[in-house]
Peer 1: 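One structure, pasted below without further comment.
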Amino acid sequence: MKYVRVPFAIHKPTQEYVDVDEVQSGKQCNCFCPSCKSDLVAKHGDKKIHHFAHLKSEVEIECDYSIYFSIRMMYLSMFKKGLSDSRMFIPEYVLRRSTLTRYNQTARVFKCLIRAGGVDIIKTKANCEINNIRIDALVQLADSKGFGVMFHYDEHPLTELSKFEGLKFPILAIDISPLKSALLDKTSNITNTQILRDYLSDSSIMAEWAYVPVNVDLADELQEEVARLEKDLESTLPHAPSIDLPKRNIPKNAVSTFKCTNCGKEWNAKHGYLCPKCGGRGKLL
């Protein structure tokens, strides 16, 4: 089995997750492995990056250590302690609606509900339960608004998104998969905790909104877009009702009639130029 560098461990006296740089070197770290519960030793050497290692090599061979699990738990510990005076990057969320016009055109409208960018964190909580829904963390922003956070990775996917329905705040899903290589392959002496902090504020963070409460209705905007598309199309076709046709000497009481070029059906021109039977184009009689 490949030698495992453990970036985070559980501190025995506090039972909290800690970074290897937060404790004393060697056995004095007083920590144990989050997976197998065996004692760890803190390696603070000069040649390799700082990390925890199992005190007994035979234990390490059998330990099914999950770095993603420890990353998630370390994040929960950080949010529990508070990330005030920190910044976090949030992605954009755009509400989109679409429908088909009478002529099978796709009408689309959209409205940006959340703008992408860095936000200032005022207060955080971890391991929250709201309406019987377990949420990894809650973040309060400077504008008194906030959102929930769920951390996920391949072994711990985010499922059953419908459970968030009814919440009054959005839920941000953060994929922590990229952090494995960032932690295990780092070349500088930057602390593991700082790597986790930097990931939250980086615009390249793999995050998306799993749920956003919507209190706006785009029905009117969508209807206007449908009308615009239909009018634009009708203006490009012959004998379209929206076109100002040349004046003709038509008896006052006469009614224009269209005849379908496809099925031959005739109908009153006031109902448009498309055949009500087959949808074919009409020819003005």
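On a predicted model such as this, the values are computed, not experimentally measured, just so you know.
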Peer 1: Where is the tightest heavy-atom contact between Leu100 and Thr106, given as atom of each residue plus distance?
Peer 2: CD2-OG1, 3.6 Å

Peer 1: When you group the ILVMFWY residues by side-chain heavy-atom contacts below 4.5 Å and let the links chain together, are Val216 and Phe147 in the same group?
Peer 2: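 Hydrophobic grouping puts Phe147 with Val216.
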
Peer 1: Examine Ile71 and Tyr199 and state if one hydrophobic cluster contains both, with Ile, Leu, Val, Met, Phe, Trp and Tyr joined whenever side-chain heavy atoms are less than 4.5 Å apart.
Peer 2: yes

Peer 1: Show the nearest heavy-atom pair for residues Leu233 and Gln105, with the distance to one decimal.
Peer 2: CB-NE2, 3.8 Å

Peer 1: Would you call Asp39 and Lys27 a salt bridge, using N to O less than 4.0 angstrom?
Peer 2: no

Peer 1: Determine whether a donor-acceptor pair (N or O, by modelled atom type, separation under 3.5 Å) exists between the side chain of Glu22 and the backbone of Asp19.
Peer 2: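 Side chain of Glu22 to backbone of Asp19, a donor-acceptor pair under 3.5 Å: yes, one is there.
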
Peer 1: To check you understand the geometry: which heavy-atom pair defines the closest contact between Ile133 and Lys163, and what is its length?
Peer 2: CD1-O, 2.7 Å

Peer 1: Can you check whether Pro7 reaches Met74 side chain to side chain, under 4.5 Å on heavy atoms?
Peer 2: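 Side-chain contact under 4.5 Å: no.
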
Peer 1: When rounded to the nearest 0.5 angstrom, what distance separates CD1 in Ile176 from CZ in Phe69?
Peer 2: 10.5 Å

Peer 1: Give the minimum heavy-atom separation between Leu40 and Ala9, together with the two atoms involved.
Peer 2: CD1-CB, 3.5 Å

Peer 1: With no hydrogens and no angle check, is any side-chain donor or acceptor of Tyr93 less than 3.5 Å from a backbone partner on Tyr211?
Peer 2: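 No, because the side chain of Tyr93 does not come within donor-acceptor range (under 3.5 Å) of the backbone of Tyr211.
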
Peer 1: Closest heavy-atom contact between Val6 and Phe8?
Peer 2: CG1-O, 3.1 Å

Peer 1: Would you find more than 12 non-hydrogen atoms of other residues, nucleotides or ligands less than 6.0 Å from Gln15 atom CD?
Peer 2: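 Counting neighbours around CD of Gln15, more than 12 heavy atoms of other residues, nucleotides or ligands fall under 6.0 Å, so yes.
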
Peer 1: Nearest 0.5 Å please: distance from the CD atom of Glu155 over to the CD1 atom of Ile67.
Peer 2: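 Answer for the CD-CD1 pair, Glu155 versus Ile67, is 11.0 Å.
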
Peer 1: Please answer: with hydrophobic residues joined when any side-chain heavy atoms are less than 4.5 Å apart, are Ile205 and Leu76 in the same cluster?
Peer 2: yes

Peer 1: Return yes when atom NZ of Lys12 has more than 12 non-hydrogen atoms of other residues, nucleotides or ligands closer than 6.0 Å, and no otherwise.
Peer 2: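 More than 12 heavy atoms, drawn from other residues, nucleotides or ligands, come within 6.0 Å of this atom.
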
Peer 1: Any side-chain heavy atom of Ser86 within less than 4.5 Å of one from Leu200?
Peer 2: no

Peer 1: Scan residues 214-226 for pairs that pass side-chain hydrogen bond (donor to acceptor under 3.5 Å, both in side chains), counting only residues two or more places apart or in two chains.
Peer 2: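 Every side-chain hydrogen bond (donor to acceptor under 3.5 Å, both in side chains) pair that includes a residue of residues 214-226, provided the two are not neighbours, is Glu225-Arg228.
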
Peer 1: What about Val20 and Met73, same hydrophobic cluster or not, with Ile/Leu/Val/Met/Phe/Trp/Tyr joined at side-chain heavy-atom distances under 4.5 Å?
Peer 2: yes

Peer 1: Mind listing the closest non-hydrogen atom pair of Ala107 and Leu222 along with its distance?
Peer 2: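 Taking every non-hydrogen atom into account, O-CD1, 3.7 Å.
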
Peer 1: Is the number of heavy atoms from other residues, nucleotides or ligands within 6.0 Å of NZ (Lys37) greater than 12?
Peer 2: yes

Peer 1: Just jot down the side-chain contact (heavy atoms from CB on, under 4.5 Å) partners of Cys128, sequence neighbours excluded, or say none.
Peer 2: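 Listed in chain order: Lys125, Leu138.
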
Peer 1: To the closest 0.5 Å, what do you measure between CD1 (Ile90) and CG (Leu172)?
Peer 2: 8.0 Å

Peer 1: Donor-acceptor pairs are to be reported for all side-chain atoms of residues 111-124 against protein atoms at under 3.5 Å, with residues two or more places apart or in another chain.
Peer 2:
unit_1	atom_1	unit_2	atom_2	d
Asp120	OD1	Arg87	NH1	2.6
Thr124	OG1	Phe79	O	2.8
Thr124	OG1	Leu83	N	3.2

Peer 1: Could you tell me the separation between the CZ atom of Phe52 and the SG atom of Cys29, rounded to the nearest 0.5 Å?
Peer 2: 5.5 Å

Peer 1: Quick one: list whatever passes ring-ring contact (aromatic ring centres under 6.0 Å, His included) with Tyr75, sequence neighbours left out.
Peer 2: Phe151

Peer 1: Are Ile171 and Met150 packed together at the side-chain level, in the sense that at least one heavy-atom pair is separated by less than 4.5 angstrom?
Peer 2: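 A side-chain contact exists here, since the closest heavy-atom pair is under 4.5 Å.
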
Peer 1: Please enumerate all residues that pass side-chain hydrogen bond (donor to acceptor under 3.5 Å, both in side chains) together with Ser70, with sequence neighbours excluded.
Peer 2: Tyr65

Peer 1: Atom CD in Glu208, atom CG in Leu158: separation rounded to 0.5 Å?
Peer 2: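 Here the rounded value is 8.5 Å.
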
Peer 1: Is any side-chain heavy atom of Tyr153 less than 4.5 Å from a side-chain heavy atom of Arg72?
Peer 2: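 Result yes, sub-4.5 Å side-chain heavy-atom pair found.
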
Peer 1: If you round to the nearest 0.5 Å, how far is CG of Leu179 from CD1 of Ile195?
Peer 2: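 If I round to the nearest 0.5 Å, the distance is 8.0 Å.
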
Peer 1: Is there side-chain contact between His152 and Pro157, with heavy atoms separated by less than 4.5 Å?
Peer 2: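 In short, these two side chains do not touch, never coming nearer than 4.5 Å.
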
Peer 1: For a 4.5 angstrom cut-off between non-hydrogen side-chain atoms, does Ile49 reach Lys43?
Peer 2: no

Peer 1: Does His44 have any side-chain hydrogen bond (donor to acceptor under 3.5 Å, both in side chains) partners at least two apart in sequence or in another chain, and if so, which?
Peer 2: none

Peer 1: Side chain to side chain contact (heavy atoms under 4.5 Å, CB included) for Asn131 and Leu167? Distances and angles first, verdict last.
Peer 2: CA-CA 8 Å; Asn131 298 338; Leu167 292 179; 3.9 Å; yes

Peer 1: A quick test of your reading: do over 12 heavy atoms of other residues, nucleotides or ligands sit less than 6.0 Å from NZ of Lys81?
Peer 2: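 Yes - once you tally the heavy atoms of other residues, nucleotides and ligands closer than 6.0 Å, there are more than 12.
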
Peer 1: Between Asp175 (side chain) and Ser177 (backbone), is there a donor-acceptor pair under 3.5 Å?
Peer 2: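 It does hold such a pair.
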
Peer 1: Do Ile174 and Leu161 share a hydrophobic cluster, counting only Ile, Leu, Val, Met, Phe, Trp and Tyr and linking them when any side-chain heavy atoms are less than 4.5 Å apart?
Peer 2: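 Unlinked, Ile174 and Leu161 end up in two clusters.
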
Peer 1: Does a side-chain heavy-atom distance below 4.5 Å link Leu95 with Phe110?
Peer 2: no

Peer 1: Using side-chain heavy atoms (C-beta onward) and a distance below 4.5 Å, is Ser201 in contact with Met88?
Peer 2: no

